[in-house]
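Heads up, the thing below is written out as structure tokens.
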Amino acid sequence: MVKHFLLILSAWLLANVCFAQPSFELNEVSIETLRAAVNTSNLTDSLYMRRALNESVGSLLAKRSGLQLLQYGATGSAIMARHNGLASAQTSVNWNGMPLASRSLGVCDLSMLPAAFFDEIKFVQNNAQSRSLGSTLGGSVELNKRSFQGEKNGWNVMVGSSLNSMLNQSLLLKTGWKTYKIQWSNAVLVEDNRNNFTYRDEYTAGKPTVSQLHNRSKQTAIYQQLGYVFPNRQTKAVVSGWWQWRHNQLPSLMGISKQSNAEQMDSVLRTMIGITHQLGIAQLEANFAWIDEWQRYTDKFNATDTHFSINSLVRIRQGIGTAQANWNPSSAWNFKGAANLIHVLIDNSNYAHGQVATTYPSFSGEASYTGGIHKWTAQSRFEKRSLLQPAFAYGIVWSSNWLRRKSTRWNLDTECNAQRKFRNPDFNELYWVPGGNPNLKAEQGYTGELSLVATNKSMRRPAVELRATGFVQHIYNWIQWTPTTGNIWSPQNVKEVWSNGVRSSIVFLKDGKKYQWKTQALYQYTYTSARFNGEDRNEAKELPYTTPHQVMLNADVVHARWDANINYRYYHLRYTDQNNTAHLALPAYGLWNASIGYRLASSIFIGDLQFGIENIMNTQYQQVRSYAMPGRVYTLSLKLQFKKNK
Amino acid sequence: MKLQFGTLLLAFAIVFSSCQKDEDNQNNNSLPATFTTGVFFINEGNFSANNASISAFDSQGAYHADPFYEVNGQPLGDVLQSATWIDGKIFAVLNNSGKIEVINASSFTRSTTISGIDYPRYLQQVSSSKAYFTRGAMAGTVEVLNLNTNTVESSIAVGNGPEQITVSNGRAFVCNSGGWVRDSTVSVINLNSHSVESTIEVENHPLESVVDFEGNIWVLCSGDDVYNSDFTQLLYSTPAAIVKIDGTTLQVEGTYTIGSLGDHPRSIAISNDKKKLFIANNGIYEMNLLSPTTALVQRVSTPMSSVDVAQNGDLWTASVSDFVNPSTVYHYNSGFTLLGTRETGMSTSAVVAR
């Protein structure tokens with residue numbers, strides 16, 4: 001047993017040494033299950049994965065979820081997620097439970113996450129937060145790479161390449177090997193996104209057509225995962241490593257008559273080792289992880305001021321250790337508990353003495369009871385950054401399947417949850433010099449949701465699912481940077497925000513003898529109302545960049561070797577300033593995308609040839625004010641897969 | 001049924017697709033107002049947001065939040081550093097857009113755009129056919145602009161981070177603020193030769209100057225804060241000061257420290273008789289130029305970021321903006337009786353009353 005454990009530990013250490021960055025530390029953890037909620041939407045069906053080659057998680061979420069994405073330019077530019085009108089830092093992103101948001105900025109750049117690296121991408125509308133290490137007030141994006149699931153024993157190789165009309169190209173190689181004891185999977189992605197496109201410059205006289213010349217993005221990413229089942233068959237260990245490097249040219253803003261010189265280089269290594277052991281009716285789990293991130297930003301400004309430029313380097317190292325237990329004393333009861341220890345070390349010349357280090361614990365617990373048609377879950381979480389800043393989250397979820405035992409054609413589910421949540425300040429907010437505020441309190445909020453879900457019971461008929469969800473959120477101690485004495489900006493707990501809305505969706509799925517058809521329609525209405533502390537309620541305004549109306553339509557059809565997809569997204573007008581100035585708002589826009597694919601098959605391989613058009617109507621739009629987005633783009637991709645099963 | 005369901009979805013999508021506004025139809029291109037006289041608020045806007053504006057009361061007294069946008073259907077640009085009225089035209093200097101918009105001052109229609117300028121700051125007419133404008137965050141230049149052709153004819157090297165320009169006795173006085181470093185000089189440019197004839201040492205961070213009734217130059221030096229290498233500790237501050245330069249001999253005749261150590265005022269204005277100086281520094285202070293002293297008279301106690309004097313002698317001041325909420329401007333008569341307040345655009349840095 002010890003020998004096997006040492007073997008796994010050696011593999012984990014080797015993974016880190018191989019991708020050597022000067023030094024590293026731990027990072028993170030894992031979450032097992034999300035609550036079996038009606039609010040959970042799994043975005044990675046097999047058809048989508050057939051099509052996706054070089055798409056980022058951000059791009060995927062934009063097309064397939066109710067999340068609102070803010071993208072700062074073409075492919076490779078930063079993508080931030082917003083949910084229910086809340087800020088990007090308030091939506092967490094987790095990899096096997098590990099929070100991926102930058103500890104210094106508090107947000108996760110979704111363009112840095114290749115969708116092809118994961119088996120499962122879920123968007124949880126209202127994460128209960130009890131088992132996540134990421135602070136969240138809104139929903140969460142869960143990225144999971146499974147082990148010992150799905151694949152048959154044997155080996156497989158997949159190679160794919162894509163090229164689009166912006167001269168963006170990518171190469172993806174995935175290999176896998178599985179026995180009853182070992183599973184090894186590997187993925188390598190190389191991208192060169194030239195982003196050659198033109199746009200109409202809304203902010204320059206005459207609205208000329210401008211060529212984007214400084215938006216190139218190059219990326220290399222490697223993902224490795226090794227799983228091992230111990231001879232006792234009760235213990236399993238998984239070692240994961242994920243290294244990524246990216247070089248981005250940052251585009252100049254629209255309306256600016258010169259090209260940008262700014263560039264950003266990111267490098268990140270994430271590794272994790274997880275061990276689970278089944279002990280009777282309990283499952284024990286321990287995870288250790290570390291993360292080492294580098295981010296360099298350079299800006300030479302212009303040719304004449306060559307003696308002065310920005311050249312900043314931020315390095316973030318994290319180590320996370322967790323211990324979790326899951327106990328099922330009966331079929332009705334389930335208990336979960338976790339203890340976590342998190343260490344963060346950030347080198348940043350804008351922090352006091354250039355460095356900040358902190359270690360803090362967090363604890364969480366969950367109890368659920370299922371009786372008859374009802375299920376009750378109580379959750380709590382405690383995180384203690386310092387003696388002054390303990391933060392609690394707790395909540396209760398009640399779900400019921402009212403018609404399960406009735407002889408009706410339809411199921412009717414309800415889910416009701418009420419939670420108190422928090423988001424701890426990020427490290428820039430706490431430690432930035434000048435202006436960082438170490439006395440900041442965590443943002444706190446109360447949220448409530450009620451969902452109704454109707455699904456037809458008959459297996460003979462096409463599957464239909466109708467959902468409607470109403471939500472209310474009240475966030476206080478909202479953090480905002482404001483000028484203080486000496487015109488130094490400092491973050492303060494100065495705002496209160498209400499966010500209310502409804503989400504509704506229809507999913508129609510028909511699995512016929514000759515074809516499969518899946519259609520999904522989603523509409524979301526969100527009304528946010530924000531005011532500064534002390535302001536009258538009547539002075540409250542909508543939060544900038546919150547779209548009140550959002551629509552997503554998606555239709556897939558598969559017939560014999562052919563498949564086709566059409567996708568539509570609509571975002572209503574978005575204000576860009578606190579005062580909701582009408583003419584500074586970004587106008588509404590809708591985007592149509594379509595693709596068609598053909599499956600090639602022979603005795604030795606399966607191939608997929610795909611042709612897609614994004615932004616069919618060549619719509620000129622902005623997701624973030626002043627950042628140009630590409631018009632119509634054509635993409636051609638080919639993927640070949642070789643398998644040998646035992 | 002299948003057809004109906006698909007048709008319904010398609011119709012649903014088309015309805016929402018058609019909700020997209022035709023942006024060109026949103027703009028009123030025939031604004032009836034005229035702006036030959038009025039009060040104009042220079043709203044810097046937020047960095048990278050392309051939301052700079054000039055808001056204004058037109059000649060009839062009606063308020064317009066952004067007449068340039070109303071007329072031209074486009075925002076003015078990114079970070080409006082300054083605006084100068086010359087012969088029926090407004091020269092709006094947009095720092096982060098790297099351009100100068102030349103606007104018809106009566107109708108607010110765009111005349112032309114002078115683009116491709118790195119870090120432009122302030123513009124000043126120096127003759128009937130020429131204007132100077134400053135540029136550069138570090139080693140700076142003064143660009144010579146031909147007002148007939150709106151083209152840059154030549155460039156004059158000055159100090160670091162040149163800011164505002166004042167003209168007196170055939171010379172232009174350029175405040176070298178240092179920009180992103182430190183400078184403490186004023187460059188004097190001969191308007192005939194368009195060359196620097198002298199560089200005068202003043203106090204730290206000279207930002208703005210005015211000319212008094214005798215042709216002397218009064219320079220606002222904002223002072224400096226000096227930190228240790230990792231910016232964790234303020235080592236010391238240098239004082240803000242008003243420096244008097246003789247307009248003929250170019251000698252420094254007097255230095256008057258103002259405010260408390262750590263104060264960094266950024267705006268001054270001179271009365272129409274050129275005998276009183278107004279300074280925005282945690283309020284509005286007055287200096288009598290006939291008998292200058294460091295003991296200033298406080299006229300307004302509310303902290304203000306700018307002060308300007310109108311042609312009728314009234315004073316307009318703008319409050320410190322937080323770059324999140326709109327600024328507020330205050331209107332006083334020459335006796336400092338508050339006549340009214342007004343919420344304007346984002347980060348109002350100056351008021352021009354004509």
Side-chain angles (χ1 to χ4, degrees), chain A residues 202-207 253-258 301-305 307-308 349-354 433-434 480-483 485-487 489 508 510 517 519 521 523 532 549 551 553 555 566 568 570 572-573 576-579 581 583-584 587-590 592 617 619-621 625-627, chain B residues 2 5-6 9 12-13 16-21 23 26-27 46 48-51 65-66 69-70 72-75 77-78 94 96-99 101 110 112-113 115-119 136-139 141 180-181 225 227 230-232 234 262 264 305 320-326 343 345-346:
Chain A
E202 299 289 334
Y203 305 124
T204 295
K207 300 184 181 180
L253 303 170
M254 297 169 74
I256 291 177
S257 54
K258 63 172 185 175
F301 295 108
N302 57 56
T304 55
D305 289 339
H307 60 292
F308 186 85
S349 59
N350 278 101
Y351 290 173
H353 310 296
V433 176
Q480 181 152 323
W481 288 76
T482 56
T485 309
N487 208 27
W489 287 62
F508 175 88
K510 182 172 174 61
W517 184 24
T519 306
Y523 166 76
F532 286 89
H549 304 284
V551 174
L553 303 172
I566 188 161
Y568 175 73
Y570 170 82
H572 200 64
L573 177 144
T576 62
D577 67 334
Q578 198 88 27
N579 203 37
T581 307
H583 74 262
L584 297 178
Y589 69 91
W592 285 98
M617 310 303 285
T619 301
Q620 298 288 300
Y621 67 104
R625 188 172 172 84
S626 307
Y627 287 86
Chain B
K2 294 172 199 167
F5 189 67
L9 279 176
F12 187 49
F16 275 97
S17 178
S18 64
C19 287
Q20 189 171 345
K21 289 181 181 177
E23 295 147 42
Q26 293 179 60
N27 307 315
N46 299 113
S48 83
N50 268 307
N51 64 350
D66 192 348
Y69 179 85
E70 290 177 52
N72 300 287
Q74 282 184 304
D78 201 39
L94 291 134
N96 199 39
S97 294
K99 67 178 182 180
E101 288 284 6
R110 173 193 280 123
T112 188
T113 303
S115 58
I117 312 164
D118 280 341
Y119 210 79
M138 301 288 292
T141 58
W180 296 347
V181 289
D225 287 331
Y227 288 86
D230 60 11
F231 289 93
T232 55
L234 176 64
H264 300 297
S305 56
V320 176
S321 166
D322 61 2
F323 292 89
V324 174
N325 289 296
E343 196 173 80
M346 193 62 68

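Throughout, a chain's letter reflects where its sequence line sits, starting with A, and its residues are numbered from 1.
For B:Ser48, the parts lying under 4.5 angstrom from a heavy atom of chain A are both the backbone and the side chain. At a 4.5 Å heavy-atom cutoff, A:Thr576 makes no contact with chain B through either its backbone or its side chain.
Atom-to-atom distance recorded for A:His583:NE2 and B:Glu70:CD is 8.0 Å, nearest 0.5 angstrom. Here the straight-line distance linking atom OG1 of A:Thr204 with atom CG of B:Asn50 works out to 8.0 Å at 0.5 Å rounding. A distance of 6.0 Å separates CZ in A:Arg625 from CG in B:Asn51, rounded to the nearest 0.5 Å.
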Problem set entry | Working for side chain to side chain contact (heavy atoms under 4.5 Å, CB included), residues A:Leu253 and B:Asp78 | CA-CA 9 Å; A:Leu253 303 170; B:Asp78 201 39; 3.9 Å; yes

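In terms of heavy-atom pairs under 4.5 angstrom with chain A, the leader among B:Gly98, B:Pro75, B:Gly77 is B:Pro75.
Taking all atoms of both residues into account, the shortest heavy-atom contact from A:Ser626 to B:Ala49 is OG-C, 3.7 Å.
Between the side chain of A:Glu202 and the backbone N or O of B:Gln74 there is no donor-acceptor pair closer than 3.5 Å.
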